[in-house]
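Here it is: the structure, laid out below.
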Amino acid sequence: MKFRQFTVSDFNSVIDLWQRAGLILSRSDTLEGIKEKLKRDSELFFVLEENGTIIGVVMGSYDGRRGWINHLAVDPEHQGNNLGQKIISELEIRLKKIGCEKLNLLIEMDNKQVKGFYENLGYKQDELLFMEKWI
Ligand SMILES: CC(C)(COP(=O)(O)OP(=O)(O)OC[C@H]1O[C@@H](n2cnc3c(N)ncnc32)[C@H](O)[C@@H]1OP(=O)(O)O)[C@@H](O)C(=O)NCCC(=O)NCCS
C-alpha cells in the first residue's frame, strides 16, 4: 500500500471511487476542473494505492494560511481499516511541512455521521455560517 500523487490518468477511477463513497460532486469535478486544480498544491492531492488499485483519495489544498481537506474518500470495501485516518495523517504531515498551522473542512448536512471520524482525529466543530457563490 502506498501514497502517490494523483495524476490525470486517475480521473475515471477517482470519480468512480468518490461516487461509490457517496460524495456529492460539483461542476468543478470535470476533467478540466481537476486539471485546473492540479496546477496548485498537486502534492496535496494524492491517492492511496494497493496492488495498482486506488482505495483512497484526498484533495488537499493550502491557501497560504489554512489547509483544506476536500473530497476525502476510502473505497467502501476498505472502510473501517484505519485508511481514512492514515490519509489524513499523511495530509497533515505534508501541510505542516509547507508551513500550515491549521486545517479546515466542511461536512455536508446529510453526511453528519462523518463528524465522529474527524473528532476522533482531534478536529472540533466551529459554529460558523458557510456562504458561497458560483461565478
Ligand atoms: C470518512 C471516511 C474517509 C473514513 O475512512 P475509514 O477508513 O472508514 O475510517 P478509519 O477506519 O480510518 O477510522 C478511523 C477512526 O475513526 C473512527 N470512525 C470512523 N468513522 C466514524 C464515524 N462515522 N463516527 C465515529 N468514529 C468513526 C473509526 O472507528 C476509527 O477509530 P479507531 O481508530 O478508534 O478504531 C470513509 O468512511 C469514507 O470514505 N466515507 C464516505 C465519504 C465521506 O464521507 N468523506 C468525508 C467527506 S467530509
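As the structure lists them, so they are numbered: ligands from 1, and atoms in each ligand from 1. For the single chain, residues carry numbers from 1 onward in sequence order.
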Around atom 38 (C) of ligand 1, find the nearest protein heavy atom and jot down its residue, atom name and distance. Q79 NE2, 3.3 Å
Does ligand 1 have any atom sitting under 4.0 Å from a heavy atom of G80? yes
Do you reckon L91 sits in the same ILVMFWY cluster as V57, going by side-chain contacts under 4.5 Å, direct or chained? no
With a sphere of 6.0 Å drawn around CZ of R65, does it hold more than 12 non-hydrogen atoms of other residues, nucleotides or ligands? no
What are the atoms of ligand 1, with element, lying closer than 4.0 Å to any heavy atom of L72? 3 (C), 42 (C), 43 (C), 45 (N), 46 (C)
Which residue and heavy atom of the protein sit nearest atom 39 (O) of ligand 1, plus the separation: V74 N, 2.8 Å
For R40, is the CZ atom crowded, meaning more than 12 foreign heavy atoms sit under 6.0 Å from it? no
Among protein heavy atoms, which sits nearest to atom 9 (O) of ligand 1, and what does the distance come to when rounded to 0.1 Å? F117 CE1, 3.6 Å
Under 4.0 Å from a heavy atom of N81: which atoms of ligand 1 are those, numbered in the order shown and with their elements? 11 (O)
State the atoms of ligand 1, each with its element, that fall below the 4.0 Å cut-off from a heavy-atom position in Q85. 12 (O), 14 (C), 15 (C), 33 (O)
Hey, what's the ring geometry for F3 with F46, parallel, tilted or perpendicular (30° and 60° as the breaks)? perpendicular
Hey, is NZ on K102 packed in by over 12 heavy atoms from elsewhere, all under 6.0 Å? yes
Side chains of E90 and L48 in contact at under 4.5 Å (non-hydrogen atoms): no
Who's closest to atom 47 (C) of ligand 1 heavy-atom-wise, of I107, I88, L17, L23? L23
Using the rule that two of Ile, Leu, Val, Met, Phe, Trp, Tyr join whenever any of their side-chain heavy atoms come within less than 4.5 Å, decide whether V58 and L23 are in one cluster. no
Looking at atom 13 (O) of ligand 1, would you say a protein heavy atom lies below 4.0 Å from it? yes
heavy-atom search around atom 5 (O) of ligand 1 in the protein gives G84 CA, 3.5 Å
Atom 16 (O) of ligand 1: which protein heavy atom is closest, and how many Å away? N120 ND2, 3.1 Å
Report yes if the side chains of Y123 and I107 come closer than 4.5 Å at any heavy-atom pair, otherwise no. no
Closest non-hydrogen protein atom to atom 41 (C) of ligand 1, residue and atom name please, with distance? A21 O, 3.2 Å
As an exercise, identify every atom of ligand 1 less than 4.0 angstrom from a heavy atom of N111. 43 (C), 44 (O), 47 (C)
Got a sec, which pairs hit ring-ring contact (aromatic ring centres under 6.0 Å, His included) with one end in residues 48-88, sequence neighbours left out? W18-H71
Quick check: is I93 connected to L103 through a chain of hydrophobic side chains (ILVMFWY, heavy atoms under 4.5 Å apart)? no
Counting each atom of ligand 1 from 1 as listed, which ones have a heavy atom of G116 under 4.0 Å away? 24 (N), 25 (C), 26 (N)
Checking contacts now, so for atom 2 (C) of ligand 1, which I'm interested in, is there any protein heavy atom under 4.0 Å? no
closest protein heavy atom to atom 11 (O) of ligand 1 is N82 N, 2.7 Å
Could you tell me if Q113 and N111 have a donor-acceptor pair between their side chains, going purely by distance under 3.5 Å? yes
Membership question, hydrophobic clusters at under 4.5 Å side-chain separation (ILVMFWY): are L44 and M59 in the same one? no
Please state which protein non-hydrogen atom is closest to atom 48 (S) of ligand 1 and give its distance, to 0.1 Å? Y118 OH, 3.6 Å
Ligand-residue contact atoms, ligand 1 with L106, heavy atoms, under 4.0 Å: 48 (S)
At less than 4.0 angstrom from any non-hydrogen atom of Q113, what atoms of ligand 1 do you find? 22 (C), 23 (N), 24 (N)
